[in-house]
A.B. asks: 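Provided herewith is a single structure, encoded as structure tokens, for subsequent inquiry.
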Amino acid sequence: MEILTEEKITDLGKDGTYIAVRFTKESQDKLQALAKSLEVDNIVAKDKYHVTVVFSRKPFTNFTISGKLKKPWLVHPTELEIFPTQSGSRALVLRLDAPKLVQRHEYFKKEHGATYDYDEYKTHVTLSYDVGPDWEIPEDFKADRMFKTLSIDEEYYEPLNNDWASKSTESDEDKE
């Protein structure tokens with residue numbers, strides 16, 4: 001793993017620990033183009049595309065994140081899926097084949113006691129937090145129709161924020 005700036009985290013989030021990865025600008029553009037081509041509502045803002053590695057309501061400290069990567073981690077799209085959210089909406093996600101992210105998730109669970117709210121860790125990037133009640137995944141959708149890989153260039157940490165989704169969709173200015 002080639003890393004530019006590894007960072008040791010020693011502060012404690014009061015509500016928990018959140019670790020995620022960010023996509024390169026080129027991959028953000030690819031994801032935005034995909035979301036727009038699917039004609040979904042409530043598209044995630046381009047700079048907010050991410051993959052959650054840890055969403056632990058149990059805070060923990062003294063761990064190291066990778067920070068900025070010298071060589072991007074590659075992930076591969078596999079399928080679209082609609083996830084029911086805790087607020088009752090239907091989030092559209094692009095599932096990813098991302099063994100490195102699964103390894104990171106498992107590492108934080110095993111070594112730091114990270115918790116997870118779901119039975120299974122499903123590596124994905126959210127394209128829309130609410131596609132509405134009637135939107136359906138196109139039958140002819142092929143996960144790699146627009147791109148075969150996406151690149152990740154940073155792993156980051158922040159204290160867990162339970163209101164994270166409210167600041168993640170495009171504003172009217174972003175849509176132009």
Side-chain angles (χ1 to χ4, degrees), residues 1 15-24 27-28 30-35 37-38 40-58 60 63 65-66 69 72-133 135-139 141-158 160-169:
M1 186 172 3
D15 294 326
T17 302
Y18 180 79
I19 300 167
V21 294
R22 288 188 180 100
F23 291 96
T24 62
S27 290
Q28 290 173 5
K30 290 177 181 180
L31 290 164
Q32 192 82 61
L34 172 60
S37 76
L38 293 167
V40 295
D41 292 331
N42 305 305
I43 292 175
V44 173
K46 185 166 48 172
D47 65 340
K48 301 293 183 190
Y49 288 124
H50 68 280
V51 179
T52 300
V53 176
V54 171
F55 188 95
S56 177
R57 295 184 193 281
K58 175 189 168 203
F60 55 91
F63 59 93
I65 57 165
S66 300
L69 305 173
W73 296 344
L74 300 180
V75 298
H76 307 279
T78 61
E79 64 184 317
L80 289 175
E81 190 170 335
I82 294 177
F83 286 179
T85 68
Q86 293 176 351
S87 67
S89 66
R90 297 169 68 232
L92 176 65
V93 304
L94 178 63
R95 294 285 307 274
L96 303 169
D97 178 21
K100 185 177 290 292
L101 299 182
V102 173
Q103 287 175 339
R104 294 293 287 162
H105 176 81
E106 292 301 322
Y107 165 80
F108 287 115
K109 281 176 59 178
K110 181 180 178 196
E111 298 297 324
H112 298 282
T115 62
Y116 196 60
D117 287 355
Y118 302 96
D119 294 336
E120 179 185 0
Y121 175 65
K122 294 182 177 184
T123 312
H124 68 277
V125 56
T126 302
L127 301 175
S128 168
Y129 285 107
D130 187 3
V131 292
W135 192 89
E136 296 297 328
I137 296 169
E139 288 183 25
F141 179 80
K142 299 285 186 232
D144 61 357
R145 74 178 189 182
M146 295 181 79
F147 47 85
K148 297 201 182 303
T149 61
L150 294 167
S151 300
I152 290 166
D153 64 358
E154 181 180 15
E155 183 180 54
Y156 65 97
Y157 156 80
E158 52 192 47
L160 188 66
N161 172 3
N162 291 316
D163 189 33
W164 52 270
S166 66
K167 298 175 182 71
S168 296
T169 56

A.B. asks: Keeping the roles fixed (side chain from H105, backbone from Q103), state whether a donor-acceptor pair exists under 3.5 Å.
C.D. replies: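 Pair absent, no side-chain N/O of H105 close to backbone of Q103.
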A.B. asks: Could you list the residues that satisfy salt bridge (charged side-chain N to carboxylate O under 4.0 Å, His left out) with D117, not counting sequence neighbours?
C.D. replies: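 R57.
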A.B. asks: Kindly assign one of parallel, tilted or perpendicular to the pair F108 and H112, based on the angle between their ring planes and the thresholds 30° and 60°.
C.D. replies: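 Correct class here is tilted.
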A.B. asks: Indicate yes or no: at least one non-hydrogen side-chain atom of V40 is less than 4.5 angstrom from one of W135.
C.D. replies: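 Yes. Closest side-chain heavy atoms under 4.5 Å.
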A.B. asks: Contact between S66 and R104 at the side-chain level, heavy atoms closer than 4.5 Å - yes or no?
C.D. replies: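 The answer is yes, as the side chains (C-beta and beyond) meet within the 4.5 Å cut-off.
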A.B. asks: Is the backbone of F60 close enough, under 3.5 Å, to the side chain of T17 for a donor and an acceptor to pair up by distance?
C.D. replies: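 Yes, T17 side chain to F60 backbone: donor-acceptor pair under 3.5 Å.
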A.B. asks: Without placing hydrogens or testing angles, list every side-chain donor-acceptor pair under 3.5 Å for residues 143-151, not counting sequence neighbours.
C.D. replies:
from : atom 1 : to   : atom 2 : distance (Å)
D144 : OD2    : K148 : NZ     : 3.2
R145 : NH2    : S37  : OG     : 3.2

A.B. asks: Determine yes or no for a side-chain-to-main-chain donor-acceptor pair under 3.5 angstrom, with S89 supplying the side chain and Y129 the backbone.
C.D. replies: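 A pair under 3.5 Å: yes.
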A.B. asks: If you define the side chain from C-beta out and look only at heavy atoms, does anything of V125 sit under 4.5 Å from F23?
C.D. replies: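 V125 vs F23: side chains touch.
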A.B. asks: How long is the span from the NZ atom in K48 to the NE2 atom in H50, to the nearest 0.5 Å?
C.D. replies: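 NE2 of H50 is found 10.0 Å from NZ of K48.
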A.B. asks: Is it the case that the side chain of E155 and the backbone of I65 share a donor-acceptor pair, with hydrogens and angles ignored and the cut-off at 3.5 Å?
C.D. replies: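 A pair under 3.5 Å: no.
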A.B. asks: Side chains of L127 and V93: closer than 4.5 Å at any heavy-atom pair?
C.D. replies: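 Side chain of L127 against side chain of V93, heavy atoms only: no contact under 4.5 Å found.
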A.B. asks: T52 and A20: which non-hydrogen atoms are nearest, and at how many Å?
C.D. replies: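 What the structure gives for the nearest pair is CA-CB, 4.0 Å.
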A.B. asks: Run the numbers on I152 and L101 for side chain to side chain contact (heavy atoms under 4.5 Å, CB included), then give the verdict.
C.D. replies: CA-CA 10 Å; I152 290 166; L101 299 182; 3.8 Å; yes
A.B. asks: Between the side chains of T115 and S56, is a donor N or O closer than 3.5 angstrom to an acceptor N or O?
C.D. replies: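 Yes - a donor-acceptor pair under 3.5 Å links their side chains.
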A.B. asks: Please examine the side chains of D97 and V75, heavy atoms only from C-beta on, and report whether any two atoms are closer than 4.5 Å.
C.D. replies: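 V75 does not reach D97 side chain to side chain.
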A.B. asks: Distance to the ring centre below 6.0 angstrom and angle to the axis at most 45 degrees; does that hold for R22 and Y49?
C.D. replies: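 No, a cation-pi geometry is absent between R22 and Y49.
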A.B. asks: Looking only at atom types and distance, does a side-chain atom of S128 sit under 3.5 Å from a main-chain N or O of D130, one as donor and one as acceptor?
C.D. replies: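 It does hold such a pair.
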A.B. asks: Kindly determine whether D153 and W73 satisfy side chain to side chain contact (heavy atoms under 4.5 Å, CB included), including the steps that lead there.
C.D. replies: CA-CA 7 Å; D153 64 358; W73 296 344; over 6 Å; no
A.B. asks: Does the ring center of Y121 lie less than 6.0 Å from the ring center of Y116?
C.D. replies: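 So the answer is yes for these two rings.
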A.B. asks: So how far is it from L94 CG to L38 CG, rounded to the nearest 0.5 Å?
C.D. replies: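 So the gap between those two atoms works out to 9.0 Å.
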A.B. asks: The test is side chain to side chain contact (heavy atoms under 4.5 Å, CB included); show your working for L34 and F141 and say whether it passes.
C.D. replies: CA-CA 11 Å; L34 172 60; F141 179 80; 3.8 Å; yes
A.B. asks: Could you check if a side-chain atom of L80 sits within less than 4.5 angstrom of a side-chain atom of L92, using non-hydrogen atoms only?
C.D. replies: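 In short, these two side chains touch, coming nearer than 4.5 Å.
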A.B. asks: Please name all residues satisfying side-chain hydrogen bond (donor to acceptor under 3.5 Å, both in side chains) with E81, sequence neighbours left out, ordered by chain then number.
C.D. replies: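 Checked E81 against side-chain hydrogen bond (donor to acceptor under 3.5 Å, both in side chains); matches are R95, K122.
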A.B. asks: Report yes if the distance between the aromatic ring centroids of Y118 and F55 is under 6.0 Å, otherwise no.
C.D. replies: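 Y118 vs F55: aromatic centres not under 6.0 Å.
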A.B. asks: With heavy-atom distances below 4.5 Å as the criterion, would you say the side chains of R90 and F83 are in contact?
C.D. replies: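 They are not in side-chain contact.
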A.B. asks: Hey, are the side chains of V51 and L96 touching, using non-hydrogen atoms and a 4.5 Å cut-off?
C.D. replies: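 SC-SC contact between V51 and L96 confirmed.
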A.B. asks: Measure the spacing between CZ of F63 and OH of Y157 and express it to the nearest 0.5 Å.
C.D. replies: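 Taking CZ in F63 and OH in Y157, the distance rounds to 5.5 Å.
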